[in-house]
A.B. asks: 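Sharing a structure, written as structure tokens. Questions coming.
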Protein chains: 4
Amino acid sequence: MSADVTVDPSDPTPPFEQLRSQLEALITTGVLPRDARLAPVRQLAGDLGLAPGTVSRAYRELEAQGLVQTRRGAGTRVCGGFVAEDGDSRLAALTRRFVADARGLGAADDDVIAAVRAALDAG
Amino acid sequence: MSADVTVDPSDPTPPFEQLRSQLEALITTGVLPRDARLAPVRQLAGDLGLAPGTVSRAYRELEAQGLVQTRRGAGTRVCGGFVAEDGDSRLAALTRRFVADARGLGAADDDVIAAVRAALDAG
Amino acid sequence: MSADVTVDPSDPTPPFEQLRSQLEALITTGVLPRDARLAPVRQLAGDLGLAPGTVSRAYRELEAQGLVQTRRGAGTRVCGGFVAEDGDSRLAALTRRFVADARGLGAADDDVIAAVRAALDAG
Amino acid sequence: MSADVTVDPSDPTPPFEQLRSQLEALITTGVLPRDARLAPVRQLAGDLGLAPGTVSRAYRELEAQGLVQTRRGAGTRVCGGFVAEDGDSRLAALTRRFVADARGLGAADDDVIAAVRAALDAG
DNA sequence: GTGGTCTAGACCACC
DNA sequence: GTGGTCTAGACCACT
């Protein structure tokens with residue numbers, strides 16, 4: 001049932017990354033809407049002939065990107081629509097994480113803003 | 001030799017996170033200076049009685065934080081002092097990643113700046 | 001000078017494959033025309049910060065694809081234009097290789113033709 | 001106990017090729033039957049006094065020939081008997097690769113068939 | 001514990 | 001000077 005994802009073993013891209021990028025596309029395009037539940041790790045692993053750890057890692061990376069949110073015992077769900085909303089949007093979650101990391105590096109607020117401006121201009 | 005790290009199996013904190021946070025402390029306090037080389041994954045794993053993948057994951061998360069830089073075949077080294085420098089600083093690397101992710105969410109430049117400001121004020 | 005190729009260390013795709021696929025595109029699109037010489041292995045390696053063996057492998061795979069031809073001491077050159085020509089075209093070279101391999105598997109001529117038809121229909 | 005292979009350092013043929021051709025012979029003659037597992041890369045390397053990468057390359061070339069199939073983390077096995085079977089035979093795998101490469105060269109289906117016919121007649 | 005890829009430096013063969 | 005190959009050991013991803 002779950003939206004189609006496939007893994008090509010002959011592709012030099014590692015399976016977890018094939019998975020991650022396909023799921024990323026499904027989410028950012030809105031095929032998987034906010035609150036949609038991803039397939040359980042073990043089920044998806046079984047369907048694709050992968051080890052559970054491989055699927056698990058794909059989900060974990062999506063979580064680091066702020067695209068999904070996983071709660072023990074409750075599966076993993078899409079974190080937001082494909083446009084930032086009100087309070088607890090994915091962008092806000094991603095940004096909190098980034099700011100915490102940046103401060104961990106000893107950066108002052110102004111440094112952070114400057115770095116972001118620079119990165120936006122560069123890209 | 002390498003700086004002391006330990007893992008307490010009775011601690012509910014997962015081993016990779018115990019490792020990560022201890023190494024983070026060693027780096028941000030300067031005990032492990034810029035360019036210091038971390039112990040090889042397999043050696044540290046052997047010393048601590050952990051699986052190599054566990055150590056590997058701790059290193060990977062440190063890399064995502066911008067604290068270390070790992071080059072395939074050449075080990076993993078501390079990425080910088082504890083203040084951002086010129087061109088390719090840790091803050092810059094972290095920020096590039098964040099900006100890429102934020103754009104992946106469809107955020108415009110102004111949205112990004114606004115989100116960062118909000119997160120800085122909140123924290 | 002040489003046509004632009006770049007390697008992104010943070011891309012999960014291995015460097016040799018990033019290189020190979022970019023060069024493949026440059027050749028099949030005609031940006032690198034027949035007989036164009038690729039950059040020397042060590043030069044390209046130095047420019048990109050890679051080990052010579054890595055660039056070497058990319059070149060070797062392109063050769064297996066029939067896109068380039070490399071002669072010891074004389075560098076490696078693009079094997080053909082972007083459309084098959086007369087006698088020793090890239091398609092012919094690729095096909096000779098394929099036929100030899102297929103026969104090595106014990107396939108009869110009819111088997112080979114049938115397999116090719118099937119693959120063409122499938123793709 | 002695996003079938004005997006040896007490497008002669010005084011032979012001008014590079015070690016990886018000595019290995020490849022011996023294994024090829026063992027497979028095509030049926031000494032190593034379908035599904036037989038090749039020795040692990042590191043074990044064979046140790047036995048022969050070679051670097052793992054050298055053995056690895058021999059295995060990789062055999063895979064490109066369609067003789068063995070390697071699954072990450074699960075070793076490499078002989079891919080088939082010495083005659084093509086049902087769905088995913090070695091010939092089919094080899095052919096898919098060839099067709100993909102040929103199309104990458106811009107060849108139309110008719111060109112491919114013609115080239116194969118020519119190569120079969122020539123050989 | 002499996003194969004995969006990379007680095008760094010080395011030697012060889014060819015032009 | 002060019003590519004080809006090798007070694008030794010590192011990390012990576014997967015089962």
Side-chain angles (χ1 to χ4, degrees), chain A residues 7 9 12-19 45 48-58 61, chain B residues 37-45 51-53 55-60 63 68-77, chain C residues 7 9 12-19 37-46 48-60 63 68-77, chain D residues 7 9 12-19 37-46 48-60 63 68-77:
Chain A
V7 165
T13 308
F16 88 87
E17 171 62 18
Q18 294 185 40
L19 226 53
L48 297 176
L50 296 172
T54 305
V55 177
S56 193
R57 174 153 181 205
E61 307 246 345
Chain B
R37 184 157 173 239
L38 300 195
V41 167
R42 280 163 180 71
Q43 177 188 312
L44 188 53
V55 177
S56 195
R57 175 157 176 203
Y59 283 13
R60 200 191 319 135
E63 181 161 32
V68 306
Q69 224 275 315
T70 164
R71 273 171 42 205
R72 301 230 282 235
T76 113
R77 307 186 103 89
Chain C
V7 165
T13 307
F16 88 88
E17 171 62 19
Q18 293 185 40
L19 226 52
R37 185 161 172 239
L38 300 194
V41 168
R42 282 161 178 76
Q43 177 188 313
L44 190 51
L48 297 176
L50 296 173
T54 304
V55 176
S56 195
R57 175 157 180 203
Y59 283 13
R60 198 196 316 142
E63 182 161 31
V68 306
Q69 225 273 317
T70 157
R71 276 167 26 203
R72 299 251 280 252
T76 114
R77 306 187 103 89
Chain D
V7 164
T13 309
F16 87 87
E17 173 58 21
Q18 294 185 40
L19 226 53
R37 184 161 172 232
L38 301 193
V41 167
R42 282 159 178 76
Q43 177 187 312
L44 189 52
L48 297 175
L50 296 172
T54 305
V55 177
S56 194
R57 173 155 179 203
Y59 283 12
R60 199 197 312 142
E63 180 162 32
V68 305
Q69 224 274 316
T70 164
R71 274 171 38 205
R72 303 234 277 237
T76 115
R77 308 185 101 89

A.B. asks: Mind checking if R42(D) touches a base, just sugar-phosphate, or nothing, with heavy atoms under 4.0 Å?
C.D. replies: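 Since a base atom lies under 4.0 Å of R42(D), the category is base.
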
A.B. asks: Report the base-pairing partner of dC11(F) (Watson-Crick or G-U wobble, both distances below 3.5 angstrom), or none.
C.D. replies: dG4(E)

A.B. asks: Between P on dG9(F) and CD on Q43(B), what's the gap in Å once rounded to a whole number?
C.D. replies: 13 Å

A.B. asks: Would you classify F16(D) as touching base, sugar-phosphate or nothing, given that sugar-phosphate means primed atoms plus P, OP1 and OP2, and contacts are heavy atoms under 4.0 Å?
C.D. replies: sugar-phosphate

A.B. asks: Let me know the distance between CZ of R60(C) and P of dT2(F), rounded to the nearest Å.
C.D. replies: 19 Å

A.B. asks: Taking the minimum atom-to-atom distance to the side chain of T54(C), which one of dC6(E), dT5(F), dG4(F) wins?
C.D. replies: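 Taking heavy atoms from C-beta onward, the closest nucleotide is dC6(E).
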
A.B. asks: Apply side chain to side chain contact (heavy atoms under 4.5 Å, CB included) to residues F16(A) and V55(A) and explain how you reach the verdict.
C.D. replies: CA-CA 6 Å; F16(A) 88 87; V55(A) 177; over 6 Å; no

A.B. asks: Check the pair L48(A) / L19(A) against side chain to side chain contact (heavy atoms under 4.5 Å, CB included), numbers first and verdict last.
C.D. replies: CA-CA 10 Å; L48(A) 297 176; L19(A) 226 53; 3.6 Å; yes

A.B. asks: What does R77(D) touch in the nucleic acid at a heavy-atom separation under 4.0 angstrom: a base, only the sugar-phosphate, or nothing?
C.D. replies: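 Result for R77(D) = nothing.
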
A.B. asks: Please figure out whether V41(D) or G73(C) has its closest DNA chain E nucleotide nearer the 5' end.
C.D. replies: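 Comparing both residues, the 5'-ward one is V41(D).
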
A.B. asks: Out of Q69(B), R37(B), R71(B), which residue meets the side-chain contact (heavy atoms from CB on, under 4.5 Å) rule with R77(B)?
C.D. replies: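 Result: among Q69(B), R37(B), R71(B), R37(B) is the only option passing the side-chain contact (heavy atoms from CB on, under 4.5 Å) with R77(B).
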
A.B. asks: Side-chain contact, heavy-atom cut-off 4.5 Å: T70(D) with Y59(D)?
C.D. replies: no

A.B. asks: Looking at the side chain of R57(D), which of dA10(F), dT2(F), dT5(F) is the nearest nucleotide?
C.D. replies: dT5(F)

A.B. asks: Which heavy-atom pair separates L44(D) from A39(D) by the least distance, and what is that distance?
C.D. replies: CB-CB, 4.2 Å

A.B. asks: Would you say T76(C) places a side-chain N or O within less than 4.0 Å of OP1 or OP2 belonging to dG3(F)?
C.D. replies: no

A.B. asks: For DNA chain F, whose closest nucleotide is more 5', that of A74(D) or that of G75(C)?
C.D. replies: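 Between the two, 5'-proximity favours G75(C).
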
A.B. asks: Which nucleotide in the set dT5(F), dC14(F), dT15(F) lies at the smallest distance from any side-chain heavy atom of P14(A)?
C.D. replies: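 Closest nucleotide to the P14(A) side chain: dC14(F).
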
A.B. asks: Taking all atoms of both residues into account, what is the closest heavy-atom pair of L50(C) and P15(C), and its distance?
C.D. replies: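 Heavy-atom minimum between the residues: CD2-CB, 4.1 Å.
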
A.B. asks: For E63(C) and dG3(F), what is the distance between atoms CD and C1' respectively, to the nearest whole Å?
C.D. replies: 10 Å

A.B. asks: Rounded off to whole Å, could you give me the CG-to-P distance for the L48(D) and dA8(F) pair?
C.D. replies: 13 Å

A.B. asks: Within this structure, what is the OH-to-C1' distance between Y59(B) and dC11(F), rounded to whole angstrom?
C.D. replies: 11 Å

A.B. asks: Does a side-chain N or O of S56(D) approach OP1 or OP2 of dG3(E) to a distance below 4.0 Å, or not?
C.D. replies: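 No, outside the criterion.
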
A.B. asks: Rounded to whole Å, how long is the line connecting atom CG of L44(D) with atom C1' of dC6(F)?
C.D. replies: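 Value for this atom pair: 16 Å.
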
A.B. asks: Looking at dA8(E), I'd like to know if its phosphate oxygens (OP1 or OP2) sit under 4.0 Å from a side-chain N or O belonging to R71(B).
C.D. replies: yes

A.B. asks: Measure the distance from CG on L19(D) to C1' on dT5(F) and round it to the nearest whole Å.
C.D. replies: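 Whole-Å distance recorded here is 14 Å.
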
A.B. asks: Grab the CG-C1' distance between L50(C) and dA10(F) for me, whole Å please.
C.D. replies: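 In whole Å, dA10(F) C1' and L50(C) CG are 16 Å from each other.
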
A.B. asks: Under 4.0 Å between any heavy atoms, over every strand shown, what does P15(A) touch: base, sugar-phosphate, or nothing? Just pick one.
C.D. replies: sugar-phosphate

A.B. asks: Of all the choices, dG4(F), dC6(E), dT5(F), which nucleotide is nearest to the side chain of R72(C) once you look at every atom?
C.D. replies: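 Nearest listed nucleotide: dG4(F).
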
